[in-house]
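To keep things clear, I will list the structure first and then write my remarks on it.
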Amino acid sequence: MAKRVPQFWLIKSEPNDYSIDDLARDGREPWDGVRNYSARNLMRDKMAVGDLVLFYHSSTKPVGVVGIARVASEAYADPTQFDTRSKYFDPKSTADKPRWQLVDMEFVEKLPRMVELDEIKADPAFDGMVLVTRGRLSVQPVERSHFAQILRLGGSKTKVRAR
DNA sequence: GCCAACGTTGGC
DNA sequence: GCCAACGTTGGC
């Protein structure tokens with residue numbers, strides 16, 4: 001089998017809901033509640049264990065990248081879609097044909113310094129980044145160079161694997 | 001398969 | 001709280 005090139009991602013979370021500190025405490029967390037087909041497809045088809053992920057805080061002040069996570073599992077059915085008491089319950093989803101998939105995320109690092117959206121927008125190094133152009137996706141791909149630049153600005157100690 | 005209506009996201 | 005952008009739904 002051909003060796004896969006590592007890929008890079010960004011996930012959003014409202015810190016009131018689930019923050020980087022929550023992930024630091026939990027260590028590992030099923031990334032449930034994603035109810036957007038393109039986001040699901042990325043998790044199901046494109047992510048692989050070991051891929052690095054930027055952790056972004058949305059709907060807060062200020063917004064921006066606050067940490068690094070790592071994909072820690074293959075995709076599997078999101079259990080919240082079957083839970084009638086969950087706000088993520090989906091009546092159209094069945095055990096045979098689950099509609100929503102997720103992966104587990106594992107804590108890697110909280111950035112020494114948050115990288116704010118303002119900075120990202122202002123820096124030409126980030127031209128073309130999905131976060132800037134089609135910002136609403138809650139799971140999105142990140143180019144290697146953009147990922148590396150975030151790590152630099154955030155003072156990260158995380159090492160990006162060589163190709 | 002089009003597209004209008006509607007719902008959600010998320011920055012400001 | 002506003003509203004623009006965008007995704008989803010459903011009638012035709």
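Below, each value reflects all heavy atoms present in this structure, side chains not excepted, and no hydrogens, waters or symmetry copies. Throughout, protein chains are lettered first and strands after them, A, B, ... in sequence-line order, and every chain is numbered starting at 1.
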What is the distance from CG of A:Asn16 to C1' of B:dG10, rounded to the nearest Å?
13 Å
Any donor and acceptor pair, going by atom type alone, linking the side chain of A:Arg113 with main-chain N or O of A:Leu153 inside 3.5 Å?
yes
Closest to the 5' end of DNA chain C, once A:Lys92 and A:Thr133 are matched to their nearest nucleotides, is A:Thr133
Could you tell me how far apart A:Tyr56 (OH) and B:dG10 (P) are, to the nearest whole angstrom?
8 Å
Should A:Lys12 be listed as having a side-chain N or O under 4.0 Å from OP1 or OP2 of B:dT9?
no
Closest to the side chain of A:Asp118, out of B:dG11, B:dC12, C:dG7, is B:dC12
Between B:dG11 (P) and A:Ile120 (CD1): distance, integer Å
11 Å
When you get a sec, tell me which of B:dT9, C:dG10, C:dT8 is the closest nucleotide to the side chain of A:Arg136?
B:dT9
Reckon A:Lys61 touches a base, only the sugar-phosphate, or nothing at all at heavy-atom distances under 4.0 Å?
nothing
Does the separation of the ring centres of A:Trp31 and A:Phe55 fall below 6.0 angstrom?
yes
Whole angstrom is fine here: how far is it from CG in A:Asp90 over to C1' in C:dT8?
12 Å
Any side-chain N or O of A:Tyr37 below 4.0 angstrom from OP1/OP2 of B:dT8?
no
Please state how far atom CD in A:Glu14 lies from atom C1' in B:dG11, giving the value in whole angstrom units.
12 Å
Tell me the interatomic distance from A:Lys121, atom NZ, to B:dG10, atom P, rounded to whole angstroms.
13 Å
May I ask you to say whether A:Asp51 pairs ionically with A:Arg4, meaning some side-chain N is under 4.0 Å from a carboxylate O?
yes
Quickly work out the A:Gln140 CD to B:dT9 P distance and round it to whole Å.
15 Å
Tell me: CZ of A:Arg99 to C1' of C:dG7, nearest whole Å?
13 Å
Ring centroids only, cut at 6.0 angstrom: are A:Phe82 and A:Trp100 within range, meaning strictly under it?
no
In terms of side-chain geometry, is the basic nitrogen of A:Asp90 or A:Lys92 positioned less than 4.0 Å from the acidic oxygen of its partner?
no
